[in-house]
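Below is a structure I'd like to ask you about.
Chain letters run A, B, ... following the sequence lines, proteins first, then strands; residues in each count from 1.
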2 protein chains.
Amino acid sequence: MSVPRLAVSVDLVVLTVREQRLCALRWRRDRPPYEGAWSLPGGFIQLDEDLPVAASRLMAERAGLADVRIHLEQLATYGYPDRDPRQRVVSVAYLGLAPDLPASSRAQVLWTAVDDLLQEEAAFDHRRILCDGMERARAKLEYTSLAAAFCPPEFTVAELRRVYEIVWGTSLDPRNFHRKVTGADRFLIPTDRTTTRDGGRPARLYRRGDAEQLRPPMLRPRPTERPN
Amino acid sequence: MSVPRLAVSVDLVVLTVREQRLCALRWRRDRPPYEGAWSLPGGFIQLDEDLPVAASRLMAERAGLADVRIHLEQLATYGYPDRDPRQRVVSVAYLGLAPDLPASSRAQVLWTAVDDLLQEEAAFDHRRILCDGMERARAKLEYTSLAAAFCPPEFTVAELRRVYEIVWGTSLDPRNFHRKVTGADRFLIPTDRTTTRDGGRPARLYRRGDAEQLRPPMLRPRPTERPN
DNA sequence: CCAAAAGTGTTCCTAGTACACCCATGT
DNA sequence: ACATGGGTGTACTAGGAACACTTTTGG
């Protein structure tokens, strides 16, 4: 029995928060198929390369984010036969969460607000992959300390709260949020510095702690189920 | 630039609860590599086949579970270069949750308690995949209604509780558990039948409701963090 | 009658929600 | 002085934990 062989790619959903919006890295397609549409940055894996290694390499080569500490995790694998019109490609998607970084050095990739991106035509099934990545990020904010991956090394509680509010599209009570995150064990490490970059009374700066889980979880306000 | 092509397989972590233990389907390897070790049932995908379709096909062909309603979801993808000594294989693992079924018709596959399986030598990285599948199942019991996937069509609250206890390896208060699951919206649909198969006072039989999420979640008792 | 398991009531306590209020800075 | 955002206190409430107690069967 012969074993079919096919191309395996890695596609990257890279999210950040900038200018009060949730943004993703888009790749500008300048040749068919889907010329003019956007796609996710990605590429084919090499024969001697592990999947996370390929994701890191492509993060540098295609997303222009070399030497940057970014949270990277596997998202899901997409493989229905016609997803690429040229050939059968199975794609392993990775999710990356980044702080607000300068735009990439490559002209072909740029940060775009996901709301805008979803209005435009997407190449392949990349709209679906982007949506899955956003949903994963939203869900993980609830029960992990991943929100800090969107922040610079030192940040205030209010900046962290804005991450939650923007990613979830909700508003949170600043006072209860403050109590919750400063009370969570090993989530935030206080520094002795403060900042007034957001105006008002100086806010204490924190660094990310080593807790991975957030227990009890941060509850995302649900759209109240139809009361009827 | 040439695109490397490689073999893509689907491996199945199929879990059930039988005889008070968490069991998985094992494949008995009767030829190298890893002759004598166990592996997960699986096989290569076809060129014209979507991933979930391949998983269903292999569930029938290799796991011997055709025509059975089983919850199937994608688990993760494993692809480091030397995981199969014969050739480079990227494997997409699927997680299946089944009620207590008769043993497969194939002699090569059989249910084995996961505790025993983890004592034996595993082929490839299948021990790791099995562990990832168990962890996914444990986590999903917390916030979804998936536990019912381990039960027959009609079941009692105590049977459902035993699923939680066996999968989590903890014990739960029967009274609080009863209130929690019968109170959860659309989780359980009461029938008008009862059973005494577990002894004692007759227990009402329930069918699975259409709720997917369990809110608020069922809390898994955590090993109390070292009190030091 | 007794054992066993189902199911209910009640008490206590943790933690989420809402919001009044005070604090420390820039202008 | 006052606007702005940082941070604390507090009352209310939902829901988890623990467990006494009643119910309904089989033996």
Side-chain angles (χ1 to χ4, degrees), chain A residues 20 141-143 151 154-166 168 170-185 187-206 211 213-225 227, chain B residues 20 141-143 151 154-166 168 170-185 187-206 211 213-225 227:
Chain A
Q20 313 292 336
L141 289 203
E142 291 198 297
Y143 60 95
C151 294
E154 299 202 340
F155 53 89
T156 67
V157 171
E159 286 161 357
L160 185 67
R161 174 168 51 82
R162 251 157 251 141
V163 167
Y164 278 91
E165 292 179 332
I166 291 167
W168 283 350
T170 61
S171 64
L172 300 172
D173 186 294
R175 298 155 296 187
N176 293 333
F177 182 88
H178 187 281
R179 222 190 329 263
K180 172 103 183 167
V181 297
T182 54
D185 190 40
F187 185 11
L188 297 181
I189 299 172
T191 70
D192 46 10
R193 270 180 307 283
T194 58
T195 182
T196 55
R197 61 192 176 211
D198 295 327
R201 169 176 166 180
R204 162 155 267 117
L205 285 166
Y206 292 85
Q213 302 292 312
L214 193 57
R215 285 186 60 85
M218 181 82 60
L219 295 180
R220 157 164 47 160
R222 302 266 159 174
T224 48
E225 18 243 79
Chain B
Q20 313 292 335
L141 290 203
E142 291 198 297
Y143 61 95
C151 295
E154 299 201 340
F155 53 90
T156 68
V157 170
E159 287 161 358
L160 185 67
R161 174 169 50 83
R162 250 156 254 142
V163 167
Y164 278 91
E165 292 179 330
I166 291 166
W168 283 350
T170 61
S171 63
L172 299 172
D173 185 292
R175 299 154 294 187
N176 293 334
F177 182 88
H178 187 279
R179 222 191 329 263
K180 172 104 184 168
V181 296
T182 54
D185 190 41
F187 185 10
L188 297 181
I189 299 173
T191 69
D192 46 9
R193 271 180 307 283
T194 59
T195 181
T196 56
R197 61 192 176 211
D198 294 328
R201 169 174 166 182
R204 164 154 267 117
L205 285 165
Y206 292 85
Q213 300 293 313
L214 192 58
R215 284 187 60 84
M218 181 82 61
L219 295 180
R220 157 165 45 160
R222 302 267 158 174
T224 47
E225 19 243 79

*Under 4.0 Å between a side-chain N or O of A:H178 and OP1 or OP2 of D:dG6?*
no
*asked:* My understanding is that only residues two or more places apart in sequence, or in another chain, count here; which of them pass ring-ring contact (aromatic ring centres under 6.0 Å, His included) with B:F155?
replied: none
*For A:N176, side chain to side chain donor-acceptor pair (under 3.5 Å) partners two or more places apart*: A:R179
*Which residues satisfy the side chain to side chain donor-acceptor pair (under 3.5 Å) test with B:D198, sequence neighbours excluded?*
none
*Residue list, side-chain contact (heavy atoms from CB on, under 4.5 Å) with A:A203, at least two apart or on another chain*: A:T156
_Students should find this one: the first and last nucleotides of DNA chain C, 5' to 3', lying under 4.0 Å from a heavy atom of chain A. What are they?_
C:dG16 to C:dT25
*In whole Å, what is the span from the CZ atom of B:R220 to the C1' atom of D:dG16?*
17 Å
*What residues form a side-chain contact (heavy atoms from CB on, under 4.5 Å) with A:T196, not counting sequence neighbours?*
A:P202
*Taking only residues two or more places apart in sequence, or in another chain, which ones meet B:R204 in a side-chain contact (heavy atoms from CB on, under 4.5 Å)?*
B:P190, B:Y206
*asked:* Test of understanding: with side-chain contact (heavy atoms from CB on, under 4.5 Å), list the residues that count as partners of A:T191, not counting sequence neighbours.
replied: A:E154, A:R193, A:L205, A:R207
*How does protein contact run along nucleotides 18-27 of chain D, one letter per nucleotide 5' to 3', with B for base contact, S for sugar-phosphate only, - for none, heavy atoms under 4.0 Å?*
BBB--BBB--
*Could you check whether B:P174 gets within reach of a base, just the sugar-phosphate, or nothing at all, counting any heavy atom under 4.0 Å?*
nothing
*Which heavy atom of B:Y143 sits nearest a heavy atom of B:Q213, and at what distance?*
O-OE1, 3.3 Å
*Heavy atoms under 4.0 Å, any strand shown: does A:R161 hit a base, just sugar-phosphate, or nothing?*
sugar-phosphate
*Quantify the bending of the helix from C:dC1-D:dG27 to C:dT27-D:dA1 as the angle between its end axes, each fitted on five pairs, to 10°.*
10°
*Partner residues of A:R201 under the side chain to side chain donor-acceptor pair (under 3.5 Å) criterion, sequence neighbours left out*: none
*Could you pull out the closest heavy-atom pair between B:V181 and B:F187, with the gap in Å?*
CG1-CE2, 3.8 Å
*Provide, to the nearest angstrom, the distance between the CG atom belonging to A:L219 and the C1' atom belonging to D:dG15.*
12 Å
*Between B:K180 and D:dG16, does any side-chain N or O lie under 4.0 Å from OP1 or OP2?*
yes
*asked:* Checking B:R162 now: which residues fulfil side chain to side chain donor-acceptor pair (under 3.5 Å) with it, not counting sequence neighbours?
replied: none
